[in-house]
Colleague: 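The following block contains the structure, expressed as structure tokens.
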Amino acid sequence: MRPFEYHRAGSVADATTHAASGAARFIAGGTNLLDLMKLDIERPERLIDISRLPLDAIEENEDGGLRIGALVSNADLAADLRVRRDHGVLSRALLSGASGQLRNKATTAGNLLQRTRCYYFYNPALPCNKREPGSGCSAIGGRNRIHAILGGSAQCIATHPSDMAVAMMALSAEVEVMSAGGEGRRLPLAELYRLPGDTPHIETVLNPGDLITAVLLPAPLKGRHIYRKVRDRASYAFALVSVAAVIKMDGATIGAARLAFGGLAPMPWRDRAVEDVLIGQSPSSALWNKAADRLLAEAKGYGENDFKSVLVRKTLASVLSDASVREI
Amino acid sequence: MDVSLKMDEPVAESLLDTTNQNIVSQPVDRVEGPLKVSGTARYSAEYKFPGLLHGVLVSAPMGKGRILKIDAGSIEKLPGIVTVITDYDTFLRNPAQGQDEEAPEQGVRDVSYFGQPVALVVGESFEAARHGAQRIALDMRPDEGRFDFAARKHMAEPKKRSRKAQGDLDAALAAAHATIDAIWTTPSQTSAAMEPHAGIAVWEDNKLTLYGSYQMLASDRLQLADALGLKPEQVRIVARYVGGGFGGKLGISAESVAAAVAAMRLNRPVRVVMTRQQVTEATVRRSNTEQRIRLGADAEGRLTAVAHETITANLDRSSFSEPASASTQFLYGGQARLFLNSIVRMDQLLSASMRAPGEAVGMLALECAMDELAETLGMDPVALRLRNIPARHPMDGLPFSSRSLAECLEIGARDFGWSDRDPRPAQRREGDWWIGVGMAAAARSNMLIKSSARVMLAPDGTAVVETDLTDIGTGSYTILAQITAELLGLPVSSVEVRLGDTDFPPSSGSGGSFGAASAGSSVYLACESLRQEIAEKLGIAPKDLVLTEGMARHGNVSRPLHEILSGPLTAIGTIEPGEMEEKFVQAGFGAHFCEVGVNAHSGEVRVRRMESTFAAGRILNEKTATSQCLGGMVFGIGAALTEDLMHDPRNGAIVNHDLAEYHVPVNADIPALKVRFLEERDEKANPLFAKGIGELGISGAGAAVANAIYNACGVRVRDYPITLDKLIEKLPPA
Ligand SMILES: Cc1cc2nc3c(=O)[nH]c(=O)nc-3n(C[C@H](O)[C@H](O)[C@H](O)COP(=O)(O)OP(=O)(O)OC[C@H]3O[C@@H](n4cnc5c(N)ncnc54)[C@H](O)[C@@H]3O)c2cc1C
Ligand code: SF4
């Protein structure tokens, strides 16, 4: 581990000013950042410890939604009564991730910004454009069973590993950011992430010093909330494919549909065109297939991960049939 | 007194059947348990020494090449760096195989596999040393490597003396009523013991003490001395507690030699702990295998032909080849037979023994082939196995020392409710899940290895046992205390067992499931000798002596030990293998029954129930033996479903070199498993009448899972592990 300076932030403003210059990183739960530092993959010169900032509350907004402080732990968020009652898909996604110990430590913002689990990203001895821009992508032409079939580029096909973010994407969450200059802004979660393109090392639109202070959930979505995570073992494994779904039936047809996917792309994946396929239609396997066709229109497999197309098609069909049972 | 026994004859009677203390076989709690759960059991890397330095190995960042220069100057100025230790000749190219008496291949200038340790950075702190090891400038000339098994397997060379043949296989197959001819593949695996390879080397008065994490100290000491050019007397290894080995710590590996070289040069104690990545890349693996099995049977299901040919991989000059047909050779009959192992030379880390080398992956193939044969014949898989239990070893005609395979199959089937099974696949559905059941036999050779132990009995009714055996988490401390307590008539709490130190009498070490029986027998012999001495003092025949509750009794006379003994009595017992292993086939047997669910949409497989019945001679401690079997079954589930050490065929790197991506089963993958032991005694095995158990549980376990998957969803996957991507396109309509 490279030597680094350590600064414990006393306030949000203190945190952002200290992070604005040089190779600084915020540290929250540290469950991802510290691993990467030990492996010499993240190399911050300065750590700004934000873990004592007062950003750990979950508050109700006027619109009936929730404002989730950036430091709310994954465990607390999953257990919150309002989340469990009104945003079931989020609670379920959180509980499917990592392990009890990790969820106690992991924070909301840290979870959004955790880095990929691509094998090669984790091995400094091998080329990786995300870790070492311009060095090449080892996964393309290599071992890529866990890699992306959507949204990748010739430079990088890594997936975003978060479960929580997939559910938040389905819920149309927004992110609240404070800049080093003291300006606050809000942006949809979908706009936080950037696809790899030619710059896979740049993963978000955040500027140096930008601190995520909260995640905002809009008013509760009625309907069935399902988070289905498909993985190699029953727990403690990242998603090969995951589906977050909120489906509201309107009589015999689908009134409202929200869908987001994990394990498929460099960011939690939401494609409104897929939702549009469903709305106003009555449930049928043909419809589920049409939705999957839409989702996978531009899918590209790299060999070992080809199976993900079939897997997401079948998983989506089973989630949609479970979610579209007519309400009595 | 020193006593020894060579197993040339069966042992007529075991004292354990006559002493009546009711201590052996009982589920006694681990005697060292409280130390472990309170964190006070001291593992190798936890010893503290003034002036202790920290070493971190430098891993070669390529799979094949030559080191031109290691530039120590590139990191010397970093904070906390003490020095860089290079010794191109002495550092180990690869770990030693278990039981070797010489050093493994040394010399690291030429890199033979990705991650090969090439130097040691020594620092004042672990963090400083690790930083240096990551930053040091290595000037290397990359060479063309052999990394692609699939592309190279046609170059496999038959392993010397591995070929065993009998009868006319082709004719037997041609004449058979039913045949199976298929190829199973198993991936590389890593032992993934919780404690990484770790050691502290202390050099003092021309003597080296290694606090190391190894399984077989007597041979490890010879390897280490040879590697360093020292006399064995100059080397002591201490390994009081070992956090798992599973074969990965049978022989010495890079960290101990590097620590020793550094300690000798710097005259300070040096600690080297491998990272998880280094354990995965630079200790040992179980080789991937490709196994072709051919079976032929007549219309009644009697086997007429059995062939099991295996291709494995290894480094140049390393002769080990996973003996996948080990149990195929004696488990079932059939006149025409062929067994052969071939090795593909690869520039990948050493292949060596991992838990149940041979059976663990061989039975994944054989027991699935048997399942396929049963289906072809329209027979019940249990009945097919029962029909083919040979009277004697099918090739050399030797009798079995003891064998309760039929009982395990029958009782196991009954307890599991096997008769309820629908043999047709994809018939049972619960919600989103296809449900199926499968079974497999278990067999694992039993071994006895020369082993010595010293037992001291004090007049106050306490005893001390000393042997260099290690307890790698299996329960060695506990069973040796039980045997001593049983034979000397003491409570278990009055026996102190001291293990893991080459200053103690040399033992078999822990490996091959032979530790308990071998070291246990040496303790037995020492205790037997102490009993004789006490009987002599009392002027009675040893068989009339009853030792109980610290008293010696004969007839109706009872006297406390302190009245009989003027001082401590000491005996060293030594057991040696003899003709019994040449005259009898010795093995433990069992049967696994398993129920799985296969998700009809995703192909995810979850084990729902697994019940296994074993017979392995006398069970020395029902609790620790059960734990061994449970662990083996979990290993088997991992082998069937998740474990896959992935190589990159382009550069030889192991891509999933940590426990986040090398998937061993987690709690949620394991339902309540059931283990049952059948009563058995094996008087040809050793005086305890016990057989090895540590590796029996894994043997066949994964095949029961695979067969259950087929029964659940009708898909046969012969390429382990059976991950959902191999099932999903073949599943029946959801
Ligand atoms: C073995 C293992 C298994 C796991 N399995 C899963 C899983 O199945 N599913 C899953 O979703 N996750 C899984 N995780 C990942 C886990 O969820 C993340 O590590 C965790 O959420 C990160 O949160 P943290 O607070 O510890 O982040 P940190 O490690 O502290 O930070 C992560 C990144 O976020 C940045 N950051 C943190 N807070 C802020 C902020 N307020 N503003 C701006 N930047 C910030 C940091 O600078 C850093 O770059 C697993 C992790 C491990 C180690
Ligand atoms: S997929 Fe992305 S993270 Fe993985 S090796 Fe390629 S560039 Fe690196």
Side-chain angles (χ1 to χ4, degrees), chain A residues 1-4 35 37-41 43 98-100 102 117-127 138-139 141-146 161 228-238 240-243 285 288 304-319 321-322, chain B residues 59-63 78-80 114-115 126-128 130-131 133-135 275 277 281 432 599-607 637-638 641-642 644 646-651 653-661 663-670 721 723-729 731 733-734:
Chain A
M1 188 186 282
R2 296 179 190 231
F4 55 86
D35 280 359
M37 286 172 66
K38 290 180 199 166
L39 294 166
D40 204 28
I41 295 164
R43 300 167 174 179
S99 66
L102 282 158
R117 292 280 159 174
C118 168
Y119 318 113
Y120 299 100
F121 178 68
Y122 269 76
N123 190 339
L126 295 170
S138 293
R143 307 301 305 260
N144 50 38
R145 181 171 177 271
I146 59 175
R228 178 82 173 87
K229 176 174 178 179
V230 181
R231 47 186 147 175
D232 278 324
R233 55 184 175 191
S235 168
Y236 210 40
F238 291 92
L240 290 167
V241 159
S242 70
V243 180
S285 344
W288 311 152
E304 289 186 347
N305 68 350
D306 292 348
F307 75 97
K308 284 191 176 181
S309 291
V310 192
L311 180 60
V312 72
R313 179 179 293 276
K314 293 197 177 199
T315 308
L316 178 62
S318 100
V319 165
S321 357
D322 287 352
Chain B
S59 304
M62 62 180 72
L78 295 179
F114 206 106
F126 168 72
E127 288 76 10
R130 181 175 57 191
H131 184 210
Q134 286 166 341
R135 301 276 307 265
T275 61
Q277 289 79 1
E281 291 178 346
D432 286 337
N599 189 288
H601 310 286
S602 66
E604 286 162 291
V605 177
R606 301 286 180 254
V607 176
I637 293 172
L641 298 181
T642 54
D644 180 1
M646 298 161 61
H647 305 275
D648 190 319
R650 301 165 303 175
N651 49 37
I654 289 171
V655 296
N656 55 346
H657 57 187
D658 59 40
L659 294 179
E661 295 300 335
H663 287 159
V664 297
V666 295
N667 282 333
D669 293 304
I670 305 299
T723 44
L724 60 90
D725 45 310
K726 298 172 189 170
L727 292 167
I728 189 153
E729 302 212 44
L731 291 174

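Naming convention: chains lettered A, B, ... in sequence-line order (proteins, then strands); numbering from 1 in each chain.
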Colleague: Grab the two heavy atoms, one from A:Ser235 and one from B:Ala668, that are nearest each other, plus how far apart they are.
Modeller: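 That would be CB-CB, 3.7 Å.
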Colleague: Please tell me if the side chains of B:Asn656 and A:Arg145 come closer than 4.5 Å, counting only heavy atoms from C-beta onward.
Modeller: no
Colleague: Rounded to the nearest 0.5 Å, how far apart are CD1 of B:Ile728 and CG of A:Leu311?
Modeller: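 Result: 4.0 Å between the selected atoms.
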Colleague: Top residue by heavy-atom pair count (under 4.5 Å) with chain A, among B:Glu729, B:Lys726, B:Arg650?
Modeller: B:Arg650
Colleague: Do you know which of B:Thr642, B:Thr275, B:Asp648, B:Asn599 has the most heavy-atom pairs under 4.5 Å to chain A?
Modeller: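 Option with the greatest count: B:Asp648.
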Colleague: Any idea which of B:Ala128, B:Ser602, B:Ala60, B:Ser59 has the most non-hydrogen atom pairs under 4.5 angstrom with chain A?
Modeller: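 With the most close heavy-atom pairs to chain A, the winner is B:Ser602.
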Colleague: Using non-hydrogen atoms and a 4.5 Å limit, figure out which bit of B:Val664 sits close to chain A: side chain, backbone, both or neither.
Modeller: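 For B:Val664, the contact with chain A is made by backbone and side chain together.
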Colleague: What distance separates A:Tyr119 OH from B:Met646 CE, expressed to the nearest 0.5 Å?
Modeller: 3.5 Å
Colleague: Does any non-hydrogen side-chain atom of A:Leu126 lie less than 4.5 Å from one of B:Phe114?
Modeller: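 Yes, their side chains come closer than 4.5 Å.
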Colleague: Under 4.5 Å from any heavy atom of chain B, what part of A:Lys38 do you find: side chain, backbone, both or neither?
Modeller: both
Colleague: With a 4.5 Å limit on heavy-atom distance, are the side chains of B:Arg130 and A:Asp40 in contact?
Modeller: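 Side chain of B:Arg130 against side chain of A:Asp40, heavy atoms only: no contact under 4.5 Å found.
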Colleague: Please tell me if the side chains of A:Arg2 and B:Arg135 come closer than 4.5 Å, counting only heavy atoms from C-beta onward.
Modeller: yes
Colleague: Nearest heavy-atom pair of A:Tyr122 and B:His657: which atoms, and what distance?
Modeller: O-NE2, 4.0 Å
Colleague: As an exercise, state the distance from CG of B:Leu659 to OH of A:Tyr236, rounded to the nearest 0.5 Å.
Modeller: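 With rounding to 0.5 Å, CG (B:Leu659) is 8.5 Å from OH (A:Tyr236).
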Colleague: Can you tell which of A:Arg231, A:Arg313, A:Arg117 has the highest number of heavy-atom pairs within less than 4.5 Å of chain B?
Modeller: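 Most pairs with chain B among the choices: A:Arg231.
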Colleague: Pick whichever of A:Val241, A:Val230, A:Ile146 has the most heavy-atom pairs under 4.5 Å with chain B.
Modeller: A:Val230
Colleague: To the nearest 0.5 Å, how far apart are CG in B:Asp725 and NZ in A:Lys308?
Modeller: 10.5 Å
Colleague: Against chain B, work out which of A:Asp232, A:Thr315, A:Leu240 has the most heavy-atom pairs shorter than 4.5 Å and name it.
Modeller: A:Asp232
Colleague: Quick check for you: among A:Ser285, A:Gly141, A:Ala237, which has the greatest number of heavy-atom pairs under 4.5 Å with chain B?
Modeller: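 Heavy-atom pairs under 4.5 Å are most numerous for A:Gly141.
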Colleague: Can you tell me which portion of B:Ala734 sits under 4.5 Å from chain A's heavy atoms? Options are side chain, backbone, both or neither.
Modeller: neither
Colleague: Taking B:Glu604 first and then A:Arg228, would you say they form a salt bridge - that is, a charged N and a carboxylate O separated by under 4.0 Å?
Modeller: yes
Colleague: Using heavy-atom distances under 4.5 Å, tell me whether A:Leu39 contacts chain B through its side chain, its backbone, both, or neither.
Modeller: both
Colleague: Name the region of B:Glu661, side chain, backbone, both or neither, that has any atom closer than 4.5 Å to a heavy atom of chain A.
Modeller: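 Contact with chain A involves the side chain of B:Glu661 alone.
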Colleague: If you round to the nearest 0.5 Å, how far is CG of B:Asn667 from CZ of A:Arg233?
Modeller: 10.5 Å
Colleague: Between B:Pro721 and chain A, with a heavy-atom cut-off of 4.5 Å, which part of the residue counts as in contact: side chain, backbone, both or neither?
Modeller: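 No part of it gets close to chain A.
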Colleague: Identify which part of A:Ser138 has an atom lying under 4.5 Å from any heavy atom of chain B, answering side chain, backbone, both or neither.
Modeller: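 It is both, since atoms from each part get that close.
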Colleague: Please state whether the side chain, the backbone, both or neither of A:Asp322 comes within less than 4.5 Å of a heavy atom of chain B.
Modeller: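 Side chain only.
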